[in-house]
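Just below is one structure, and these are the notes that go with it.
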Number of protein chains: 2
Amino acid sequence: MNLLSYGLLGMVAREESSGYDLMLKIQPYWQAKHSQIYPLLSRMEEKNLLSSRWIQQSDKPDKKMYGITEHGREILQEWMLSHLSAPVTRDELSLRLFCLWLTEEEGARRMVAERKRHFLERIDYFESLLASRPQHTPTFGSPEFGEFILIQKGLMNARAGLEWCQMVLGMIPREGTTSLQEKLVSSI
Amino acid sequence: MNLLSYGLLGMVAREESSGYDLMLKIQPYWQAKHSQIYPLLSRMEEKNLLSSRWIQQSDKPDKKMYGITEHGREILQEWMLSHLSAPVTRDELSLRLFCLWLTEEEGARRMVAERKRHFLERIDYFESLLASRPQHTPTFGSPEFGEFILIQKGLMNARAGLEWCQMVLGMIPREGTTSLQEKLVSSI
DNA sequence: ACTTGCATGTAACTTGTTACATGATTTA
DNA sequence: TAAATCATGTAACAAGTTACATGCAAGT
């Protein structure tokens, strides 16, 4: 059982879901493709952590809804008490910064601007999630609490990223902005 | 050529390094083990992106220093101009928050406290990096600039994470703090 | 005596991505 | 008419982790 499997198990524990549902819901926090999720769900059913039933739909394709079993819930509880592993981030931008000195102002600005767009999109997404739920802050113990602080986690992270982008864009001179003095110095 | 390979190539472009050096330097930004790095460096040498030479050492084991080739530099330049991919984060904590309602206050607090320690450690690390380099802010174009904003990236991210932890710890009631009224309500 | 750091590598395995495969309905 | 959404799955491949393997020097 890997971390993704536990995550899926936990989501099913909250509400019965199809693989497709789970994929969409988990995407913003853990980038997993359907080709990874479907086999995991099958294996978890074999291990008796999940049960499934087919739901016929008229307009859309039929779907397989998964629910958690008693055994699944026990395993889930154990996981929640086990040691928490450190987050893993792999960001191409970090690698590129090691050799940023190889690029011109324009290239560097383009890169950071692209990342800025990414964060703005994420902020939009998380804010729309917040807007589509009860106004009052949920209290600990309710299922809404976990979801609320999860959204806050994404939001605060994206805002920090945006701030960084703006700081950096402020530090890279726009081309054509170089002063006469600097040009003279760099031409030596 | 994967992202990690480009990252290593970029680091070698800055200064000649051994696989061991690269592993240590890249760790805080991209968690790669030596068992992944060594074969990548070998393959990049085969492709004529890197060249290597053995350095004998008396007190420590000998080491293989890699330098970038002309061809390597060209490939690196191309990469810097190509499309930047989105960052990928896999955080067990995010998955756990989906089913936080399964745990008690104590378990939840422990989890967040553990994460808080993680961020405090990272902040310490990045601040020590800042302290061990020239006081004045580097300007765009110098190799120090990229490294400076990379450290800032890690720092701002870790600070945002810490802030989130503190917000959440403030929202989870400490056990024994529950009011009489709440106890009566929850006992129904 | 034991562990940590330095230093390099391979083998077996797990995890994650891309591509293949199907097919109806809705929207542009 | 083309693309996107819904919906499930498999196969081949790439990326990343864990374990195995060696060995010396310095510190605890």
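Every chain is numbered from 1, with letters handed out A, B, ... down the list of sequences.
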Any Lys/Arg nitrogen of [X] or [Y] sitting under 4.0 Å from an Asp/Glu carboxylate oxygen of the other?
X: B:E92; Y: B:R96; answer: yes
X: B:R14; Y: B:E144; answer: yes
X: B:R110; Y: B:E114; answer: no

Is there a side-chain contact between [X] and the phosphate of [N], meaning an N or O under 4.0 Å from OP1 or OP2?
X: B:R90; N: D:dG16; value: no
X: A:Q36; N: C:dG16; value: yes
X: B:N2; N: D:dA14; value: no
X: B:Q57; N: C:dA7; value: yes

Q. Between B:S18 and B:M65, is there a donor-acceptor pair closer than 3.5 Å when you use the side chain of the first and the backbone of the second?
A.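 Not a single qualifying donor-acceptor pair exists.
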Would you say B:W164's side chain and A:I149's backbone share a donor-acceptor pair under 3.5 angstrom?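 Checked: pair present.
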Whole angstrom is fine here: how far is it from [atom1] in [X] over to [atom2] in [N]?
X: A:W54; N: D:dA7; atom1: CH2; atom2: C1'; answer: 8 Å
X: B:Q31; N: D:dA15; atom1: CD; atom2: P; answer: 17 Å
X: B:Q56; N: D:dC24; atom1: CD; atom2: C1'; answer: 16 Å
X: B:L41; N: C:dT8; atom1: CG; atom2: C1'; answer: 11 Å
X: A:D59; N: C:dT26; atom1: CG; atom2: C1'; answer: 10 Å
X: B:L3; N: C:dG16; atom1: CG; atom2: P; answer: 16 Å
X: A:L95; N: D:dG16; atom1: CG; atom2: C1'; answer: 14 Å
X: B:K33; N: C:dT8; atom1: NZ; atom2: P; answer: 18 Å

**Q.** Along DNA chain C (nearest heavy atom to each residue), the more 5'-positioned of B:M65 and A:W30
**A.**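 The residue closer to the strand's 5' end, by nearest nucleotide, is B:M65.
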- With hydrophobic residues grouped by side-chain heavy-atom distances under 4.5 Å, do A:M80 and A:M1 end up in a single group?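 Hydrophobic grouping puts A:M80 with A:M1.
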message = According to a hydrophobic-cluster definition based on side-chain heavy atoms being under 4.5 Å apart (Ile, Leu, Val, Met, Phe, Trp, Tyr only), do B:V88 and A:I26 belong together?
response =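 B:V88 and A:I26: separate clusters.
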Proximity to the side chain of [X] - top-ranked nucleotide from [options]:
X: A:H34; options: C:dT15, C:dA7, C:dA19; value: C:dA19
X: A:S35; options: C:dA7, C:dA19, D:dG16; value: C:dA19
X: A:P61; options: C:dA7, D:dC6, D:dT8; value: D:dC6
X: B:Y38; options: D:dT8, C:dG9, D:dT17; value: C:dG9

How would you label the contact of B:K60 with the nucleic acid (heavy atoms, under 4.0 Å): base, sugar-phosphate, or nothing?
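The answer is sugar-phosphate, as B:K60 gets under 4.0 Å only of primed atoms, P, OP1 or OP2.
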Worksheet item: In a check of side chain to side chain donor-acceptor pair (under 3.5 Å) between A:S52 and each of A:K63, A:E45, A:K64, which one passes?
Response: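 Looking at A:K63, A:E45, A:K64, the match for A:S52 under the side chain to side chain donor-acceptor pair (under 3.5 Å) is A:E45.
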Check your understanding: Heavy-atom contacts under 4.0 Å between residues 15-29 of chain A and DNA chain C, which residues?
Key ->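 Hits under 4.0 Å, by residue number: none.
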